[in-house]
Amino acid sequence: MLRLMKITEEELVRRCNQKDARAQKLLYDTYHSRLLGICLRYGKSKAEAEDILQMGMVRIFKYMSTFSGNGSFEGWMKRIMVNVAIDNFRKNTKHYYHEDITEVKGVPAQEDDATGNIAVKDILASVQQLPPGYRIVFNLYAIEGFSHNEIAEKLGISVNTSKTQLLKARRNLMKKLTDMNQLPTKAYAQNEG
């Protein structure tokens, strides 16, 4: 859309910083679907994802003047969306249960590729159905590339809790994806220690 209007990203940022409503609408329209995709990974529903998007857009417009121009503007906006999703999670943390990895008994015996015939929308829907703690740790680790130490610091949880949440998220997703693919359920080895 930026090309159709013959405006560069740099010019769009400059005009948004000047509080140009048309430029702000163009920015929103241009990046809405990509940023919503990020929010959908973190939100438990489309409505929550849209709330995260709106809060993120407010933050983008508020702090746009801090964008230095170094690196990708889209990447800068995506990082803001992830941070807003984390803030949203932290506000609701009291509603989530965290379990330490020392309490986990079963360990997957093997990792099968159950995603072969499953559409991206089905995988996204499965991620959205994860319990909130599992979902945010899975996204931060598997999608955003954060380490367990970084996740623990960002969410105010222990490293072991981060690892546990990821392990349980993966198990949960594998079960859902296996069921979707109608493959035999994987066997889990029981670890008594």
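- A 6.0 Å sphere centred on CD of Gln18 holds more than 12 heavy atoms belonging to other residues, nucleotides or ligands.
- Within a 6.0 Å radius of CD in Glu153, no more than 12 heavy atoms belonging to other residues, nucleotides or ligands are found.
- A side-chain donor from one of Asn88 and Glu48 sits under 3.5 Å from a side-chain acceptor of the other.
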Open item on the list: Would Asp87 and Lys91 count as a salt bridge (Lys or Arg N to Asp or Glu O under 4.0 Å) here? Give the steps.
Closed with: CA-CA 6 Å; Asp87 290 347; Lys91 274 192 243 177; over 6 Å; no

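- Both Leu26 and Tyr28 belong to a single network of hydrophobic side chains, linked directly or stepwise wherever heavy atoms of I, L, V, M, F, W or Y lie under 4.5 Å apart.
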- [ ] Determine, stepwise, if the pair Val137 / Lys163 fulfils side chain to side chain contact (heavy atoms under 4.5 Å, CB included).
- [x] CA-CA 8 Å; Val137 171; Lys163 290 178 180 178; over 6 Å; no

Task: side chain to side chain donor-acceptor pair (under 3.5 Å) between Thr161 and Ser158, worked out - done: CA-CA 5 Å; Thr161 297; Ser158 73; 2.9 Å; yes

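- Note that the CD1 atom of Ile38 and the CD1 atom of Ile52 stand 11.0 Å from one another [nearest 0.5 Å].
- Considering OH of Tyr134 and CG of Leu166, their distance stands at 11.5 Å, rounded to 0.5 Å.
- To the nearest 0.5 Å, the span separating CZ on Arg41 from CD1 on Ile136 amounts to 11.0 Å.
- Classified by interplanar angle (parallel below 30°, tilted 30° to 60°, perpendicular above 60°), the ring pair Phe73/Trp76 is parallel.
- Residue Gln24 holds its CD atom at 10.5 Å from CZ of Arg15, rounded to the nearest 0.5 Å.
- The distance from atom CD1 of Ile86 to atom CD1 of Ile151, rounded to the nearest 0.5 Å, is 8.5 Å.
- Without hydrogens or angle criteria, Asn139 side chain to Arg135 main chain gives a donor-acceptor distance under 3.5 Å.
- Taking NZ from Lys154 and CG from Asn83, the interatomic distance works out to 5.0 Å, rounded to the nearest 0.5 Å.
- Within the 3.5 Å criterion, the main-chain N or O of Leu40 finds a donor-acceptor partner in the side chain of Gln128.
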Open item on the list: Would Tyr42 and Val82 count as a side chain to side chain contact (heavy atoms under 4.5 Å, CB included) here? Give the steps.
Closed with: CA-CA 8 Å; Tyr42 288 92; Val82 169; 3.8 Å; yes

